[in-house]
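This report concerns only the one structure given below.
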Number of protein chains: 2
Amino acid sequence: MQTRKPHKPRGGDAQPGQTAPKGAARAEGSGASHAPSGHAAAAHGAPPRVTLNHIAAYAGVSRATVSLVLRKSPLVADETRAKVDAAMAELGYVYNRRAANLRSGASRTIGLVLCEITTPNYAQLTSGIDDVLDGEGYVAFITNSEEDAARQRRLLVRMQEHGVDGVVLVPAEDTKAEVFDDAHCGNLPRVVAQRRVEGFSGDYVGPDYGAGMELVTEHLIGLGHRHIGFIGGVRRIAPLAERLAGFRRALRRHRLKSGPVVPCAVLDRADGYAAARDLLAAGDHPTALVCYNDVVAFGVMLALAERGLTPGKDVAVVGCDDVAEAGLHRPALTTFTTDPRVVGREAARLLLRRVENPSRPPEQIIVPPRLIIRQSCGAAPGQRGRAAKAAPPLSRRRAGGPTP
Amino acid sequence: MQTRKPHKPRGGDAQPGQTAPKGAARAEGSGASHAPSGHAAAAHGAPPRVTLNHIAAYAGVSRATVSLVLRKSPLVADETRAKVDAAMAELGYVYNRRAANLRSGASRTIGLVLCEITTPNYAQLTSGIDDVLDGEGYVAFITNSEEDAARQRRLLVRMQEHGVDGVVLVPAEDTKAEVFDDAHCGNLPRVVAQRRVEGFSGDYVGPDYGAGMELVTEHLIGLGHRHIGFIGGVRRIAPLAERLAGFRRALRRHRLKSGPVVPCAVLDRADGYAAARDLLAAGDHPTALVCYNDVVAFGVMLALAERGLTPGKDVAVVGCDDVAEAGLHRPALTTFTTDPRVVGREAARLLLRRVENPSRPPEQIIVPPRLIIRQSCGAAPGQRGRAAKAAPPLSRRRAGGPTP
DNA sequence: CGACTTTTTTAGATCGATCTAAAACTTCGC
DNA sequence: GCGAAGTTTTAGATCGATCTAAAAAAGTCG
């Protein structure tokens, strides 16, 4: 049976210790763009891996037959299959997908490049993707561009080096439509998720921020508000434009003039706070504030409280995203959910369809928003707005068990 | 191009469209344990991949030379190197790591199997791991066992099929020490993170829950509390035992008797709420409550408020983890951080060390806790406890910018 | 029984890189 | 000018699977 080495006889099977040559010349070069990204290899005393050849020899059949058994081909006789299965169990075989893949193409692997990994919403998105992939026997490489377009480019290249079948990209802030060209992803199947990239006309999955903003704004109008402001950003990401547009659409429908639109630089809590404080200091503030997202809304509510104004009573506040804290905050935040988990699931499914058939026409999947009415808009629970199903003060969407 | 047919001559470069044979017989079998996990392949009209051979031909050198250039070997002459680099740039070469890996062993890939992916703390951990890996040119397969030991086992197998160099495991709830044997990970480098696995004596990285509990308990004692209860769980995860032990150590040191230890089944907000409500209904409640974690603490505070008790004034409440909401909640929660990002970083580093040298002795890295004093313990800001640096009411650990 | 299917098995090429050992080319001393 | 020594380059085997095309075995039938 295959000793492979022409002359050296092989000893037993379990061969421990195996003092391998340590280290490896560490040559770091100038960084030519096509070199394998990363550093010098640090290979090591590999354990003796059981291969198809071992199984074949043990079962007394050919390697090809074993391969057929692995792939559940109907060609092999039941008896032979049993023999081979037994041999695999006996020897503790572990399939080597890279080798298989080298010959046959598909790797059952996809890449997910996130612009941010710690935000709960992206974690949900990841989870949705993983759900679908796991069911299909895929695994995802997941990495984080940290809103850095250059890093994103590098990561896309690295994904390809690893031979992914496709990628889901949640684009970093200044992502241009050429991102895929720049990263040499010839015809790598790709899906953009969560944030639109201007000029990119391929597959996209994302929430309908505009419609969501319309929902919450309509809700405020329905509660009688006529002077509504927007606390939002100036960042170069697509969702901002969509949100602002939705906000304005709702106002226009009711022939209302837009209240002040206050910019935020970073779109975080501190920024929302600062923006709202400035607005309040200017006097004659709106009776309701639509915020870019929940986090900004938290800051806004803090500023209100500081001024002795009660959110939901003196000034209505609404957000966007329905982050976990939204239901926990007091007053609980009225907002709309962008269902990142659903977005993830749809993105994964779309990517797999694309991998399956690269030439199908591009698809855009827009996940509809759901309005979540809580207290910060002033619609006291029980008095429910007409717009949608209200959520209990403490959201129970996550864990089981009776919520108080 | 690449029509795959032997006789057709090869044409130009850009040839779109490419009507490939659709579908693929979907053969689903009985599920023999050694078959490649997953389904039948769905291979497809692969894009024309540029290989070393193409580069070699274009540059007029041998494949071996190109390979040397790729790996930045000092053996090649500068002139040759330049020629090859140019050829690679010209043809748009993308390194094929799977092929390289097949021959040479190390894949620059690791697996991360999480018990839960959506919890912010695990997202932080993931982020920490990604930080380190990215710097070293590694990529991680990330998957989610959903606290399901069987699924976890499957995922570990799948990771090996993909040829990872090692795995970081955040074990699911009922993980036994044999998990790695069961998943046939012979001598796959492995690091267990965040939760201990009883009986597993390999590499481990995790926070020091015990010490953290001691910190917060000591803090409460320092504030004058003498009757302190514990709201905690009964789940079969190691951290619970550690936490309870820390709590008791602190009490013992001050010769205090433990207040009631109330079990929680699920360790979420609703459960904390229920547990606290029961405790309060029983009358004669403790003056301070140490909670299993922040989320439970939120539930507890809700129950207090419902009874007309103000957390931090009538009853002190402390948590554990310092989740993002902790600083946002009113009253802001006194807690200690378990620095999941640091845990992630250390785990990744340790794993890489282990990959580098499989025979080094096992290592246990315990990340020390940091006490975060806010309002829920009753130590009004300004009045700071003696124990540690206090945090501002709104934690500013995340985003930049001036926090109000 | 021999020709002809049909079913099952297999040898050998192949994927795209690395690795080894040897070949080819330089340089140099004498 | 020739062999030794050093520097560059290369042919060919190799990793562990899949794929193709053909061989071997089994079954059919006039």
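In what follows, chains carry the letters A, B, and so on, assigned in the order in which the sequence lines appear, proteins first and then strands, with residues in each chain numbered from 1.
- A:Arg153 has no carboxylate O lying under 4.0 Å from a charged side-chain N of A:Asp182, or vice versa, which leaves the two without a salt bridge.
- When the C1' atom of D:dC15 is taken as reference, atom OH of A:Tyr95 falls 15 Å away, rounded to whole Å.
- Distance A:Leu102 CG to C:dT14 P: 14 Å, rounded to the nearest Å.
- Spacing between atom CG of A:Asp78 and atom C1' of C:dT9 amounts to 15 Å, rounded to whole angstrom units.
- Between B:Thr65 and the phosphate of D:dT10, there is a side-chain N or O to OP1/OP2 separation shorter than 4.0 Å.
- Comparing C:dT18, D:dT10, C:dT10 by their closest approach to the side chain of B:Leu52 singles out C:dT18.
- Residue A:Ala100 places its side chain closer to D:dT18 than to any other of D:dT18, C:dA17, C:dT10.
- Nucleic acid contact for B:Thr51: sugar-phosphate only, since backbone atoms but no base atoms lie under 4.0 Å from a heavy atom of the residue.
- Rounded to whole Å, the distance from NZ on A:Lys83 to P on C:dT9 is 8 Å.
- Across C:dA17, C:dA11, C:dC19, the shortest atom-to-atom separation from the side chain of B:Tyr93 is found for C:dA17.
- Looking at which nucleotide of DNA chain D each of A:Asn96 and B:Ser62 is closest to, the 5′-most match is held by B:Ser62.
- Proximity note for B:Thr80 (side chain, C-beta onward) versus D:dT8, C:dA17, C:dT10: the nearest is D:dT8.
- Classified by interplanar angle (parallel below 30°, tilted 30° to 60°, perpendicular above 60°), the ring pair A:Phe180/A:Phe200 is tilted.
- In summary, A:Arg151 and B:Asp130 engage in a salt bridge, as defined by a charged side-chain N under 4.0 Å from a carboxylate O.
- Nearest nucleotide to the side chain of B:Arg103, out of D:dG12, C:dC15, C:dG16: C:dG16.
- For the pair A:Met88 CE and D:dG16 P, the interatomic distance rounds to 17 Å; values are reported in whole Å.
- For the 3.5 Å distance criterion, the side chains of B:Thr80 and B:Asp78 fail to qualify, holding no donor opposite an acceptor.
- Between B:Leu68 atom CG and C:dT18 atom P there is a gap of 9 Å when expressed in whole angstrom units.
- Counting non-hydrogen atoms under 4.0 angstrom, B:Ala64 reaches a base of the nucleic acid.
- Separating the CZ atom of A:Arg63 from the C1' atom of D:dT18 is a distance of 9 Å, rounded to the nearest angstrom.
- With values rounded to the nearest 0.5 angstrom, A:Leu102 atom CG is found 10.0 Å from A:Asn96 atom CG.
- A close approach under 4.0 Å does not occur between any side-chain nitrogen or oxygen of B:Arg97 and OP1 or OP2 of C:dA17.
- Residue B:Arg49 has no polar side-chain atom (N or O) positioned under 4.0 Å from OP1 or OP2 of C:dG16.
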Pairwise N/O distances under 3.5 Å, protein to nucleotides 22-25 of chain C:
none

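- Closest contact between the side chain of A:Leu75 and the listed nucleotides D:dT10, D:dT18, C:dT8 involves C:dT8.
- With no hydrogens or angles considered, no side-chain donor-acceptor pair links B:Arg63 and B:Ser67 at under 3.5 Å.
- With A:Asp203 as reference, A:Arg354 is the one residue of A:Arg353, A:Arg190, A:Arg349, A:Arg354 to meet the salt bridge (Lys or Arg N to Asp or Glu O under 4.0 Å) rule.
- Separating the CD1 atom of B:Ile55 from the P atom of C:dT18 is a distance of 12 Å, rounded to the nearest angstrom.
- When distances are taken from the side chain of B:Ala99 to each of C:dA17, C:dC19, D:dA17, the shortest belongs to C:dA17.
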